[in-house]
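In what follows, a single structure is set out as structure tokens and then discussed.
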Amino acid sequence: MDKFSFLNAAHSQFIEDLYQQYLKFPDSIEPSWKAFFQGFDFALEMYGDDSGITVQQLATQAITSGNVPQNIEKEFKVINLIYDYRRRGHLFTKTNPVRERRTYTPDLSIENYGLSREDLSTVFNCAIETGMKGPATLADIIVHLEKIYCNSIGVEYMHINNVEEKKFIKEWLHKDENRPILSASEKREILHKLNQAVAFENYLHTKFVGQKRFSLEGGESLIPALDQLISRSSVHGVDEVILGMAHRGRLNVLTNVFQKSYKQIFSEFEGKEFEEDVFSGDVKYHLGASKKITTAAGEEVRINLVPNPSHLETVAALVQGISRAKIDNVFEGDSKKVLPIVIHGDAAIAGQGLVYEVAQMMTLEGYKTGGTVHIVVNNQVGFTTNYLDARSSVYCTDIAKVTDSPVMHVNDDDVEAVVHAIRFAADYRNRFGKDVYIDLLGYRKYGHNEGDEPRFTQPNLYKIIAKHPNPREIYKKKLKDEGVVSDAVLAEMEQQFKELLDENFEAAKEIEINTMAVFMEDDWKSYKRGNIEEIYANYPTGFDVEKLKELAVKISTLPSNKKFINKISRLFEARVKMVENNALDWAMGELLAYATLLIEGSNVRISGEDVERGTFSHRHAVVKTEDSEEEYIPLKQVSNQKFDVYNSLLSEYGVLGFDYGYAMASPNTLTIWEAQFGDFVNGAQIIIDQYLVAAEEKWKVQNGLVMLLPHGFEGQGAEHSSARLERFLELCANHNIFVANCTTPANYFHLLRRQMKFPFRKPLVVMTPKSLLRHPKVVSSVEELANGSFQPVIDDASADPKKVEKLVFCSGKLYYELLAKKEELNDEKVALVRLEQLYPLDNLRINEILEKYNNRKEFVWAQEEPENMGAWTFMLRNFRNQNIQVVSPVSSGTPAPGTHKKFDKNQKGVINGVFGITAENAKLIKPITTVND
Ligand SMILES: Cc1ncc(C[n+]2csc(CCOP(=O)(O)OP(=O)(O)O)c2C)c(N)n1
Ligand SMILES: [Mg+2]
């Protein structure tokens with residue numbers, strides 16, 4: 001193969017230009033040219049410049065005669081070989097403990113680089129390029145390269161664009177030929193952790209036969225790896241670790257890293273119940289933990305294992321949010337104090353799209369966490385699926401390329417290599433604040449769980465695995481051969497640990513009821529789970545009226561020394577006018593809720609797509625100067641508390657997971673995630689189902705996240721109207737969340753403020769308006785904000801109960817449309833009652849209203865959603881004894897009609913239907929039904 005073939009078509013001036021470009025930006029040119037120029041530079045340096053030869057001449061000469069001086073040409077060839085070891089060496093490593101690797105061509109044989117066996121004894125100066133001390137023979141260079149790039153660690157880093165990073169990595173690898181130099185005591189410590197990992201699984205295997213534990217066996221080096229990662233990071237200054245992981249090896253991590261007592265785990269295996277029956281609890285391999293530990297390096301670190309559901313990879317988003325909340329609120333913005341770690345399965349990291357959404361957060365202002373260490377427990381199988389069916393990419397870690405992150409693929413049988421790789425991860429993350437991936441290549445000793453039969457699907461592989469020694473045995477032998485440990489010491493270590501497990505096993509029998517450790521207990525000390533009285537209590541959420549006015553003007557006044565576009569200036573002037581006219585709109589209600597909370601000592605974080613301006617151009621929480629696009633954020637001027645508002649990446653699942661995580665670690669921050677339109681929220685359904693509505697019951701964790709979901713049927717087609725209210729309401733139980741749909745700026749103001757006044761935290765889901773943002777009737781006076789509290793139900797103030805024959809419950813924007821009709825018809829027989837809080841329903845207040853309108857002949861729930869959606873089914877369940885009826889469009893597979901015309905018919909039909917005018921659209925409208933019929 002002629003490595004100079006790329007010169008054939010070259011023009012000499014072109015080469016000169018390219019060389020100049022190479023000198024300035026070496027990574028900006030095509031790799032083979034780069035290698036050529038590297039060789040040229042090198043040759044100049046080594047052989048001097050006496051010949052006066054230029055790169056242009058050299059290239060021309062090479063092109064025209066094929067006659068590059070032989071020694072230089074060979075150096076080039078060896079440089080190409082070195083370059084390819086860096087670039088492709090990872091394809092030829094010994095990293096797979098139980099399988100032959102796939103074959104990649106061309107391989108790194110010297111013949112592929114125009115070199116031959118005769119060259120092996122030739123001394124090449126470019127040896128120093130590989131970190132060797134001086135010129136060396138090709139044979140020695142290859143041995144050296146094999147050790148660095150093709151042994152137990154395969155390194156991928158040449159895809160990284162940043163030259164400094166590449167240099168750092170190269171030098172890191174060159175040191176001691178990419179092997180750790182460990183003291184005898186370090187080796188014994190690694191063996192100790194490995195023994196814990198192996199012996200713990202063996203013990204469970206014999207004591208709890210056939211019970212699911214998702215054993216780590218085949219990947220036990222994870223335990224010394226985590227131990228080393230935390231320890232080394234603590235030396236780098238990390239004070240807090242946020243770890244997310246799935247089922248595999250979790251019990252091992254809980255005990256041998258998080259120091260959860262073996263006794264506790266054993267008692268969970270024995271099926272002891274958790275204490276309070278209000279908690280439904282969760283399987284043991286989902287539970288979280290928080291612990292303060294002292295690392296081997298003598299540093300104190302708080303470590304947190306985030307509770308997680310079965311749904312793989314979801315927790316990765318939470319890890320980011322929790323870490324960011326800690327960075328923002330505990331460590332004053334210093335991301336070097338917090339280390340996010342995510343442990344993945346090989347199938348999950350390759351298959352779940354969420355991984356991509358989270359990866360894309362790495363450098364984003366509102367979401368970055370200073371880099372995450374990703375560890376893949378790569379057992380080469382997902383449930384029964386071989387890796388060849390689990391992905392198209394070469395590696396399961398190829399997501400790393402998205403963020404220009406380095407990857408080390410390590411043979412899990414070689415624990416020292418694992419430790420080395422993990423130390424690299426800690427150092428790289430500390431140095432560059434970016435994600436890094438460690439792919440631990442092992443196997444899975446048993447089936448997907450311990451009751452499963454792996455030979456159904458991988459009979460050959462499992463023959464090999466059955467005979468394969470575990471990593472402890474492999475390491476023991478190595479250390480014995482090295483004379484680091486004796487048989488007697490080994491036996492004692494194993495015996496001691498076995499005795500410890502036996503003691504715990506006996507003690508577990510004494511435990512009657514399990515206690516669930518509270519995740520991040522220290523952060524939540526002052527927030528007890530809310531009781532019924534507290535959930536329904538009235539919280540005074542007003543604010544001094546004069547101060548409120550002042551604040552309103554302050555946040556509506558732009559600095560006079562900055563120039564904004566006219567539209568913004570006018571909009572802010574209009575806001576000041578609103579204060580003068582004592583008629584505040586929706587945006588003002590919202591912004592004043594934030595302003596007052598900030599003054600009272602809360603922080604506020606808002607994240608979501610386009611939230612800074614607001615999708616509907618109502619918020620303008622961030623404005624830009626006309627010329628320089630400098631940001632001005634009025635709410636940052638009102639207090640020293642944090643007001644952060646971030647446009648998110650275009651993701652729902654990842655970002656909602658992130659913000660849920662943020663709220664999980666920051667009870668004093670009003671944490672808000674807003675959907676672009678409510679319809680898009682279903683992209684994040686897993687976060688809602690697995691965390692938002694269930695986490696408190698499963699894991700005893702509280703969370704005050706607010707979800708703002710723009711909602712309202714306004715003829716914008718099938719996907720811009722619904723926030724799937726029905727889905728939230730069907731998930732409501734045991735006071736797990738609040739669901740609201742307010743109709744006035746004042747009530748919205750009180751609702752948002754109440755969220756921080758509760759002595760507990762619970763998620764709040766709000767259907768927020770679109771057209772009401774600018775509706776002339778949707779205004780509140782300053783006094784309405786200043787006084788009172790959130791009203792879960794708003795009665796019809798104008799109705800005379802004696803005259804009311806039809807009591808109509810409704811919510812949100814539809815109220816105003818019904819009101820307009822009522823006014824148009826001057827219909828005194830209809831009372832319109834607004835349910836501003838849909839869950840939990842304020843039954844005390846509602847019962848009062850039901851009693852008050854005791855002349856009614858009909859009781860109706862009116863909604864703009866089709867009958868099979870919206871709040872109807874929920875109302876039916878709650879008012880089943882009240883003979884409630886519905887007015888809604890007929891059931892439909894789509895949430896809203898596709899055309900404005902159809903929408904108009906539906907909407908008119910609902911409005912007319914409420915007032916008994918059904919003739920015009922009779923066919924479209926579900927006739928009012930008596931449900932009890
Ligand atoms: C989102 C999701 N889909 C499906 C499952 C069911 N499931 C549980 S474990 C598993 C295989 C996971 O494979 P891998 O990520 O390689 O982890 P391993 O079990 O091999 O450690 C599957 C498909 C799940 N838990 N979550
Ligand atoms: Mg797997």
Side-chain angles (χ1 to χ4, degrees), residues 95-99 197 201 212-223 225-226 243-254 282-287 306-318 341-358 374-393 395-399 409-412 437-454 456-458 461-462 465 652-654 656-657 682-691 694 698:
T95 46
N96 200 325
V98 287
R99 273 184 160 133
E201 295 290 357
K212 267 191 207 176
R213 67 176 196 279
F214 297 105
S215 133
L216 182 58
E217 285 155 285
E220 292 100 322
S221 296
L222 175 71
I223 299 301
L226 278 176
L243 170 62
M245 72 181 296
H247 51 288
R248 179 81 48 216
R250 194 174 175 106
L251 299 180
N252 216 314
V253 170
L254 275 166
D282 201 353
V283 289
K284 47 193 164 297
Y285 38 82
H286 284 173
L287 302 181
V306 187
N308 76 298
S310 292
H311 292 57
L312 295 166
E313 292 296 341
T314 55
V315 78
L318 273 79
I341 306 173
V342 181
I343 301 174
H344 310 263
D346 53 308
I349 192 177
Q352 292 289 304
L354 180 69
V355 175
Y356 185 88
E357 294 185 28
V358 176
H374 298 269
I375 304 173
V376 183
V377 177
N378 185 348
N379 52 22
Q380 311 182 49
V381 63
F383 215 133
T384 67
T385 303
N386 278 322
Y387 71 94
L388 290 172
D389 294 324
R391 61 176 190 262
S392 296
S393 56
Y395 293 111
C396 62
T397 50
D398 277 356
I399 186 75
H409 308 279
V410 200
N411 189 327
D412 200 83
Y437 292 74
I438 305 298
D439 178 16
L440 296 182
L441 257 141
Y443 52 93
R444 191 185 67 195
K445 179 88 188 280
Y446 304 106
H448 174 61
N449 61 59
E450 290 62 36
D452 208 345
E453 172 55 85
F456 282 142
T457 45
Q458 284 86 7
L461 177 65
Y462 272 82
I465 289 175
E652 283 77 26
Y653 186 8
L656 182 63
N682 55 7
Q685 195 64 46
I686 292 175
I687 301 296
I688 296 161
D689 293 342
Q690 265 49 54
Y691 293 95
K698 289 194 290 190

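Below, all heavy atoms of this structure are taken into account, side chains as well, without hydrogens, waters or symmetry copies. Atoms within each ligand, like the ligands themselves, are counted from 1 in listed order. Predicted model only: the values in this text are computed from it and were never measured.
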field: Test side chain to side chain contact (heavy atoms under 4.5 Å, CB included) applied to Val410 and Leu441, Thr95, Val376, Ile438, the passing residue
entry: Ile438

message: Check this for me - ligand 1, Arg248, N or O atoms closer than 3.5 angstrom, yes or no?
response: yes

- prompt: Which heavy atom of the protein is the closest neighbour of atom 9 (S) of ligand 1, given with residue, atom name and distance?
  reply: His448 CE1, 3.0 Å

query: Only one of Glu313, Arg250, His286 forms a side chain to side chain donor-acceptor pair (under 3.5 Å) with Asn308, so which one is it?
result: Arg250

- prompt: Arg391 and Ala350: which non-hydrogen atoms are nearest, and at how many Å?
  reply: CB-CB, 3.8 Å

query: Less than 4.5 Å apart, any side-chain heavy atom of Tyr395 and any of Asn378?
result: no

- prompt: Does the N or O separation between Ser310 and ligand 1 drop below 3.5 Å for any pair?
  reply: yes

field: side-chain contact (heavy atoms from CB on, under 4.5 Å) assessment of Tyr691 paired with Leu656
entry: CA-CA 10 Å; Tyr691 293 95; Leu656 182 63; over 6 Å; no

Proximity to ligand 1 by part of Glu313, non-hydrogen separation under 4.0 Å: neither

- request: Would you check whether Arg444 reaches within less than 4.0 Å of ligand 1, judged by its heavy atoms?
  value: no

query: At what distance is the nearest protein heavy atom to atom 15 (O) of ligand 1, and which residue and atom is it?
result: Ala348 N, 2.9 Å

Contact with ligand 1 for His247, non-hydrogen, under 4.0 angstrom: yes

message: Students should be able to answer this: which protein heavy-atom is nearest to atom 17 (O) of ligand 1, and at what distance?
response: Gly345 CA, 3.7 Å

field: pair Asn379-Asp412: side-chain heavy atoms closer than 4.5 Å
entry: no

message: With the threshold set strictly below 4.0 angstrom, can you tell me whether any protein non-hydrogen atom sits that near atom 11 (C) of ligand 1?
response: yes

query: What residue and heavy atom of the protein are closest to atom 13 (O) of ligand 1, and at what distance?
result: Gly382 CA, 3.2 Å

message: Could you check whether any side-chain heavy atom of Gln690 comes within less than 4.5 Å of a side-chain heavy atom of Thr314, counting everything from C-beta outward?
response: no

- line: the Mg ion (ligand 2) has as its nearest N, O or S atom from Asp346 the atom OD1

- prompt: Under 4.5 Å between any side-chain heavy atoms of Tyr446 and Asp452, yes or no?
  reply: no

message: side-chain contact (heavy atoms from CB on, under 4.5 Å), that's the test. Do Asn96 and Asn411 meet it? Break it down for me.
response: CA-CA 6 Å; Asn96 200 325; Asn411 189 327; over 6 Å; no

task: Ignoring hydrogens and angles, tell me if any N or O in the side chain of Arg248 forms a donor-acceptor pair with the backbone of Ser215 under 3.5 Å.
output: yes

- prompt: Looking at ligand 1, does any of its N/O atoms fall within less than 3.5 Å of an N/O of Val377?
  reply: no

message: Does any N or O of ligand 1 fall below 3.5 Å from an N or O anywhere on Leu312, backbone included?
response: yes

task: State whether Phe383 contributes an N/O/S atom found under 2.8 Å from the Mg ion (ligand 2).
output: no

- request: Determine, stepwise, if the pair Arg99 / Gln380 fulfils side-chain contact (heavy atoms from CB on, under 4.5 Å).
  value: CA-CA 9 Å; Arg99 273 184 160 133; Gln380 311 182 49; 3.3 Å; yes

task: Identify, for atom 23 (C) of ligand 1, the protein heavy atom at the shortest distance, and state residue, atom and that distance.
output: Phe383 CD1, 4.2 Å

message: Would you say the Mg ion (ligand 2) has Tyr387 as a near neighbour, meaning an N/O/S atom of that residue under 2.8 Å away?
response: no

- prompt: How far is atom 3 (N) of ligand 1 from its nearest protein heavy atom, and which residue and atom is that?
  reply: Gln352 NE2, 4.6 Å

- request: Would you check if the side chain of Glu357 reaches a backbone N or O of Gly654 as a donor-acceptor pair within less than 3.5 Å?
  value: yes

- prompt: For atom 1 (C) of ligand 1, is the nearest protein heavy atom closer than 4.0 Å?
  reply: yes

task: Kindly report the O-the Mg ion (ligand 2)-OD1 angle for Val381 and Asn379 respectively, rounded to 10°.
output: 80°

Which of the ligand 1 atoms, numbered from 1, are nearer than 4.0 Å to a heavy atom of Ala347: 13 (O), 14 (P), 15 (O), 16 (O)

field: Parallel, tilted or perpendicular, as decided by the 30° and 60° cut-offs, for the rings of His374 and His344
entry: parallel

N/O separation below 3.5 Å, Asp346 to ligand 1: yes

